[in-house]
Amino acid sequence: MATPKPYAPFTVRALAVIRSIPRGKVATYAQVAAVAGSPLAARQVARILHSLSRKERLPWHRVINSRGSISLPRGAGFEQQKAALQRDGVKVKEDGSVDMKRRLWVPRIDA
DNA sequence: GCCATGGCTAGTA
DNA sequence: GCCATGGCTAGTA
């Protein structure tokens, strides 16, 4: 309990990216991976969300798949994610999809 | 529906 | 090994 092992670089960057998704917007796993510097590491983002969401208090519900819908299975997080998104003001259809035209996060590219 | 892809946590010994 | 992905093809209608 003395030395919490520091997260690896990609993990640190991904955490920052996830935290920067604004309320009312959603991002895809691939998008988070790309902004964090590894465009092909979408799967790793899933891993990070799976294992670190609780501990790091992440806005995990704002990350969805590239088809524009919730990836978690019904009965295994789907409902929670849907509810959390709705609390953000995001409408989620019965099939778990959201209006990407309106809701997809467009990251700021500053300097 | 298949399969290539990437970076590494959590939990135990 | 694990993972809450992604994207592309074959094979149908």
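When reading the values below, keep in mind they use all heavy atoms of this one structure, side chains included, and skip hydrogens, waters and symmetry mates.
Between A:Ile18 and A:Trp60, the closest side-chain pair of non-hydrogen atoms is not below 4.5 Å.
Shown here are the side chain to side chain donor-acceptor pair (under 3.5 Å) partners of A:Ser20, two or more places apart in sequence or in another chain: there are none. Partners of A:Arg19 under the side chain to side chain donor-acceptor pair (under 3.5 Å) rule, at least two apart in sequence or in another chain, are A:Glu56. For A:Asn65, the side chain to side chain donor-acceptor pair (under 3.5 Å) test picks out A:Ser71, with sequence neighbours left out.
B:dG11 and C:dA4 are spaced 15 Å apart, taking the P atom of each and rounding to whole Å.
For the pair A:Arg74 and A:Phe78, the cation-pi criterion (under 6.0 Å, within 45° of the ring axis) is fulfilled.
Taking atom CD of residue A:Gln31 and atom C1' of nucleotide C:dG6, one finds them 14 Å apart after rounding to whole Å.
The main-chain N or O of A:Ala41 is never found under 3.5 Å from a side-chain atom of A:Ser38 such that the two would form a donor-acceptor pair.
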Close N/O contacts between protein and nucleotides 1-5 of chain B (under 3.5 Å):
from, atom 1, to, atom 2, distance (Å)
B:dA4, N6, A:Arg43, NH1, 3.3
B:dT5, O4, A:Arg43, NH1, 3.3

Could you list the protein-to-nucleotides 8-11 of chain B atom pairs, N/O on both sides, closer than 3.5 Å?
from, atom 1, to, atom 2, distance (Å)
B:dC8, OP1, A:Phe10, N, 3.1
B:dC8, O4', A:Gln44, NE2, 3.4
B:dT9, OP1, A:Ala8, N, 3.3
B:dT9, O4', A:Arg47, NH2, 3.2
B:dT9, N1, A:Arg47, NH2, 3.4
B:dT9, O2, A:Arg47, NH2, 2.9

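The existence of a salt bridge linking A:Asp99 and A:Lys91 is excluded, since no basic side-chain nitrogen approaches an acidic carboxylate oxygen closer than 4.0 Å.
OP1 or OP2 of B:dG7 lies within a sub-4.0 Å distance of a side-chain N or O belonging to A:Ser38.
Of all the heavy atoms in A:Val35 and A:Pro107, the pair that sits closest is CG2-CG, 4.0 Å. Between A:Val26 and A:Met100, the shortest heavy-atom distance links the atoms CG2-SD, 4.0 Å.
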Side chain to side chain contact (heavy atoms under 4.5 Å, CB included) for A:Leu72 and A:Gln80? Distances and angles first, verdict last.
CA-CA 9 Å; A:Leu72 291 170; A:Gln80 290 89 330; over 6 Å; no

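Pairs of Watson-Crick or G-U wobble type, with distances under 3.5 Å, assemble into runs of 3 or more in DNA chain B at these ranges: B:1-4 with C:5-8, B:6-8 with C:1-3.
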